[in-house]
Amino acid sequence: YYLCTNELKVLFTIAVPRGRTMMKNSGFTFIELMIVMAIIGILSSFTIINYFGWLPKYKLSSAVRSMQCTLQLVRVAAINKNSTVTVVFNPHTNSCFAFLDNGDGGGTADDALQNGTERLVRRIDLPAGINLINPTFGSTLQFNNRGMPNAGGDVVVETKTISKTVRLFLSGKSLII
């Protein structure tokens, strides 16, 4: 037993020089933490740059889908209500609204003006930075009780750098191009 203990003392003495105590490696040094923070900062800067490049495209795509959805909804509303539905586009306010043009409440039917108590079907206000360009068919569009528009054409929605178009066919179908 004595021999084993002395051998362990010799081994321990060789492994740990005299005058030094063993330190536990439980944690990170300041330099290691700073390196990790620098790596996280670099990766997050790439993410932020990509986010700001992606945001206008997302807003534009969302606005165009909303415009196409409105045209489809108006077509269905005209068929369901067996009435004319008018869509009014306003490029100055970057908005559009649709209403049943049936003459309810003392209004005049099929006059492309919301008067009396003609019911609003839908209203869209485009987000900031998204612009509505004058549609090729004019500022008003009417769908008859069979869901057919009085004109076909394009509605262009744009940002400063890119644009997308909703094409409306005389059959009443719409397509994003």
Side-chain angles (χ1 to χ4, degrees), residues 37 39-177:
M37 294 299 288
I39 291 171
I40 290 172
I42 291 169
L43 291 176
S44 65
S45 69
F46 289 131
T47 304
I48 289 171
I49 290 170
N50 287 336
Y51 174 75
F52 285 116
W54 169 78
L55 190 60
K57 292 176 190 174
Y58 174 76
K59 281 183 173 182
L60 179 65
S61 295
S62 175
V64 168
R65 282 192 308 272
S66 181
M67 190 66 64
Q68 182 188 27
C69 180
T70 297
L71 293 174
Q72 291 172 349
L73 177 84
V74 166
R75 179 178 185 221
V76 170
I79 295 168
N80 285 341
K81 299 296 182 181
N82 195 27
S83 178
T84 300
V85 177
T86 300
V87 184
V88 178
F89 297 91
N90 190 343
H92 302 293
T93 60
N94 292 321
S95 64
C96 74
F97 65 94
F99 61 92
L100 284 174
D101 199 1
N102 57 5
D104 278 354
T108 306
D110 301 331
D111 64 348
L113 297 172
Q114 187 178 15
N115 45 30
T117 58
E118 294 174 331
R119 188 174 67 89
L120 185 68
V121 175
R122 181 151 189 185
R123 178 178 178 82
I124 294 179
D125 294 311
L126 297 179
I130 306 293
N131 299 316
L132 175 65
I133 306 303
N134 280 325
T136 57
F137 44 76
S139 63
T140 60
L141 177 68
Q142 290 185 313
F143 284 83
N144 65 20
N145 60 355
R146 294 178 313 178
M148 304 295 218
N150 63 345
D154 295 339
V155 179
V156 179
V157 180
E158 69 178 8
T159 64
K160 291 179 181 177
T161 57
I162 52 177
S163 67
K164 289 194 175 191
T165 302
V166 178
R167 178 154 295 154
L168 179 66
F169 298 99
L170 289 175
S171 64
K173 294 188 179 188
S174 59
L175 178 70
I176 296 174
I177 53 173

If you round to the nearest 0.5 Å, how far is [atom2] of [Y] from [atom1] of [X]?
X	Y	atom1	atom2	result
Asp125	Thr93	CG	OG1	7.0 Å
Asp111	Thr86	CG	OG1	7.5 Å
Lys173	Leu71	NZ	CG	14.5 Å
Phe97	Asn90	CZ	CG	8.0 Å
Thr108	Leu113	OG1	CG	8.0 Å
Gln114	Leu120	CD	CG	5.5 Å

Quick one, [X] and [Y] - any side-chain contact, counting heavy atoms below 4.5 Å?
X	Y	value
His92	Ser139	no
Ile133	Glu158	yes
Asn144	Asn150	no
Lys164	Ile162	no
Ile130	Thr159	yes
Asn102	Lys81	no
Phe99	Val88	yes
Leu73	Val121	yes

Strictly distance-based, threshold 3.5 Å: is any side-chain N or O of [X] a donor or acceptor partner for the main-chain N or O of [Y]?
X	Y	answer
Ser61	Tyr58	no
Gln72	Cys69	no
Thr165	Ile177	no

Can you name the closest pair of heavy atoms from [X] and [Y] and give their distance?
X	Y	answer
Ala98	Val87	CB-CG2, 4.0 Å
Cys96	Phe89	CB-CD2, 3.8 Å
Ser174	Leu168	CB-CD1, 4.3 Å
Leu175	Phe169	CB-CE1, 4.0 Å
Ala151	Phe137	CB-CB, 3.8 Å
Gly107	Asn115	CA-OD1, 3.1 Å

Criterion side chain to side chain contact (heavy atoms under 4.5 Å, CB included) on Leu126 and Asn131, from CA distance to verdict: CA-CA 7 Å; Leu126 297 179; Asn131 299 316; over 6 Å; no
Pairs flagged by salt bridge (charged side-chain N to carboxylate O under 4.0 Å, His left out) wherever residues 40-66 is involved - sequence neighbours left out: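 For residues 40-66, and leaving out neighbouring residues, there are no salt bridge (charged side-chain N to carboxylate O under 4.0 Å, His left out) pairs at all.
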With side chain to side chain donor-acceptor pair (under 3.5 Å) as the test, would you mind laying out the steps for Thr84 and Asp110 before giving the verdict? CA-CA 6 Å; Thr84 300; Asp110 301 331; 2.7 Å; yes
Quick check on side-chain contact (heavy atoms from CB on, under 4.5 Å): which of Leu100, Val85, Asp101 does Arg119 satisfy it with? Leu100
Between Leu132, Thr70, Val64, which is the residue that forms a side-chain contact (heavy atoms from CB on, under 4.5 Å) with Val155? Leu132
